[in-house]
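Both backbone and side-chain heavy atoms feed into the values below; hydrogens, waters and symmetry mates do not. We count ligands from 1, going down the list as the structure has it; atoms in each ligand are counted the same way. Positions are given from 1, in the same order as the sequence printed here.
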Amino acid sequence: MKKIISIKKRINTFNQEINISGDKSLSIRWVLLASQAVGKSKAYNLLMSEDVMAAIDSIKKLGIEVKIGRNYCEIYGNGINGFKYKKNLILDAKNSGTLGRLMLGLLVKSPYKIKLIGDKSLSKRDFSRVTAPLEKFGTKFYYAKKNKLPLSILGSKSIEGIDYLEDKGSAQCKSSVMLAALNASGTTSIKAKKSRNHSELLFKYLKIPTKIKKTKKYDFINIRQPKKIKAFNYQIPGDISSSAFFIVLATLTNNSKLLIKDVNINPSRTGVIEILKKMGAKIFFKNIRIYKGEKISNILIKGSKKLKAINCPSKLNSSAIDEFLIIFLVAARARGVSHFRDLSELNQKESPRLDWGAKILNMMGVKTKLTKTSIKIYGQPNLEIKKLIIIKNYLKDHRIFMMSVIAALTCGGEWRIHDPDSINSSFPSFLKIIKKLNT
Ligand code: S3P
């Protein structure tokens with residue numbers, strides 16, 4: 001792949017149908033849960049990106065057999081905590097916070113120390129948010145640098161359920177403790193602020209004894225240790241977070257029409273749709289169906305001429321958490337001043353995304369007011385960039401790269417965007433789809 005891509009022209013009107021690769025959260029969860037099942041599980045349309053390959057490599061190092069075919073992946077699980085490995089094992093979560101954090105949940109009983117490493121971006125992120133609750137199970141953690149990777153984990157022989165309050169709205173923290181609960185006798189009780197609920201839906205589907213009570217702000221999840229998990233097949237639906245870049249591309253391209261097939265529209269992930277619709281985007285769900293508890297739909301998007309600013313309700317933050325960069329781009333083209341608040345979690349991602357969002361908009365000539373937790377964006381419906389914009393040194397955050405490409409194709413100017421290989425962590429076919437639409 002090239003080291004820099006250059007874009008000098010806006011995209012022309014398009015009318016097309018596309019498929020988006022498999023959902024990343026579900027792909028990683030399927031790999032990890034299939035490794036705990038008994039026998040052969042098979043997934044179709046598994047996302048074949050670096051984050052998911054890192055999950056597959058990790059379970060292989062833990063003694064699990066994996067076969068990868070043209071459009072399927074088979075995992076031969078050895079049951080709960082059925083890992084077999086030698087001393088001095090090193091696992092590499094690469095760029096993936098989800099993998100690193102969920103994986104630790106599965107290792108709470110590891111008899112030998114295992115070292116967990118990650119890439120430059122992941123090594124800047126906080127791991128105490130999962131190691132603190134996992135320590136309550138009796139598991140030990142050894143950090144070289146405070147709360148950052150690399151770390152080592154040493155399990156405890158017998159583990160009992162814990163009570164845990166998850167108050168960041170982090171699905172990774174919630175899911176890490178849920179996976180640890182598979183190893184714990186008694187009941188693990190989690191009180192969790194709202195976040196994506198794929199783990200809960202999978203636990204229910206797999207008949208892992210799980211009780212869930214929902215209140216307005218929190219979900220109460222009680223998990224009892226299952227005797228075993230049956231092997232299971234799964235058709236991974238398209239990723240809404242990856243789709244979001246194309247939803248915005250179509251929204252910002254006059255008279256365009258785009259149909260995205262088979263996307264996961266789990267309500268805990270559709271904040272981006274709600275926000276964009278409030279701003280005047282024309283987005284429609286077509287053919288909604290339920291698959292193993294997950295909601296799937298085709299999504300139809302039509303170009304929108306009149307976009308208006310939003311005073312974004314914070315209650316939508318968690319269901320749009322990975323989409324704010326691309327939402328900020330729409331705000332940059334909307335009439336009026338948009339306001340997004342309570343977004344401190346955005347600076348905890350693959351890069352400090354709240355800061356980067358402001359930085360890129362400023363480079364585009366769009367005024368912003370930034371605090372540590374919020375941003376105001378002064379929209380320009382007729383924005384026409386006339387200068388050279390260079391995007392580099394962004395910790396290879398895949399979503400910064402993709403946002404920049406969509407900005408270049410919809411707002412003009414000349415763009416040089418470094419490190420296109422950053423897309424490989426979540427969406428390796430991104431540029432191929434752009435090419436298909438941009439002919
Ligand atoms: C994810 C949860 C979110 C999200 C990430 C994927 C998951 O992170 O940003 O891309 O699959 O559980 P947090 O749990 O830190 O909010």
Side-chain angles (χ1 to χ4, degrees), residues 21-33 46-47 49-52 54-55 93-106 118 121-122 124-134 147 149 164 166-180 190 192-203 219 221 236-237 239-245 264 266 268-272 294 314 316-327 342-354 356-357 395-400 402-403 422-423 425-427:
S21 46
D23 183 87
K24 181 151 73 89
S25 291
L26 275 171
S27 293
I28 293 175
R29 282 162 174 77
W30 178 79
V31 170
L32 297 182
L33 278 166
L46 189 75
L47 172 66
S49 75
E50 281 174 0
D51 282 14
V52 182
K94 303 228 168 121
N95 188 247
S96 177
T98 306
L99 171 61
R101 290 168 176 151
L102 268 59
M103 191 74 217
L104 291 177
L106 285 186
S121 151
L122 192 60
K124 287 184 186 291
R125 297 175 69 183
D126 170 43
F127 266 72
S128 67
R129 56 173 57 200
V130 284
T131 59
L134 295 179
N147 300 337
L149 295 188
Y164 167 49
E166 194 295 298
D167 59 1
K168 290 187 167 60
S170 163
Q172 292 176 354
C173 296
K174 173 177 71 181
S175 303
S176 181
V177 171
M178 288 178 73
L179 291 174
I190 305 171
K193 222 166 143 185
K194 301 282 175 190
S195 62
R196 64 189 68 188
N197 69 344
H198 304 301
S199 303
E200 292 92 310
L201 293 177
L202 281 167
F203 271 43
D219 289 345
I221 306 164
I236 312 277
D239 193 320
I240 191 156
S241 299
S242 299
S243 305
F245 296 96
N264 182 350
N266 178 323
S268 67
R269 298 281 299 278
T270 47
V272 60
E294 293 284 353
S314 309
L316 292 177
N317 287 357
S318 99
S319 59
I321 193 67
D322 289 340
E323 283 68 70
F324 276 100
L325 283 174
I326 199 70
I327 291 170
D342 299 328
L343 279 174
S344 56
E345 276 293 298
L346 263 199
N347 278 339
Q348 304 297 324
K349 299 295 173 192
E350 285 85 329
S351 72
R353 281 189 187 151
L354 187 58
W356 265 100
L395 282 166
K396 288 190 150 196
D397 181 342
H398 49 134
R399 300 200 200 281
I400 288 187
M402 293 189 278
M403 175 222 186
S422 58
I423 54 173
S425 65
S426 71
F427 196 3

* E166: what forms a salt bridge (Lys or Arg N to Asp or Glu O under 4.0 Å) with it, not counting sequence neighbours? -> none
* Is the shortest side-chain N to carboxylate O distance from D126 to K168 below 4.0 Å? -> no
* Asked: With sequence neighbours left out, what residues match K94 under salt bridge (Lys or Arg N to Asp or Glu O under 4.0 Å)?
  -> none
* Structure fact -> Heavy-atom nearest pair, D322 first then R399, reads O-CD, 3.2 Å
* Asked: For ligand 1, what is the set of protein residues having any non-hydrogen atom at a distance below 4.0 Å?
  -> S25, R29, T98, R129, S170, A171, Q172, R196, I321, D322, K349
* **Those residues that, when tested against E50, pass salt bridge (Lys or Arg N to Asp or Glu O under 4.0 Å) (two or more places apart)** => none
* Salt bridge D219-K174, side-chain N to carboxylate O under 4.0 Å -> no
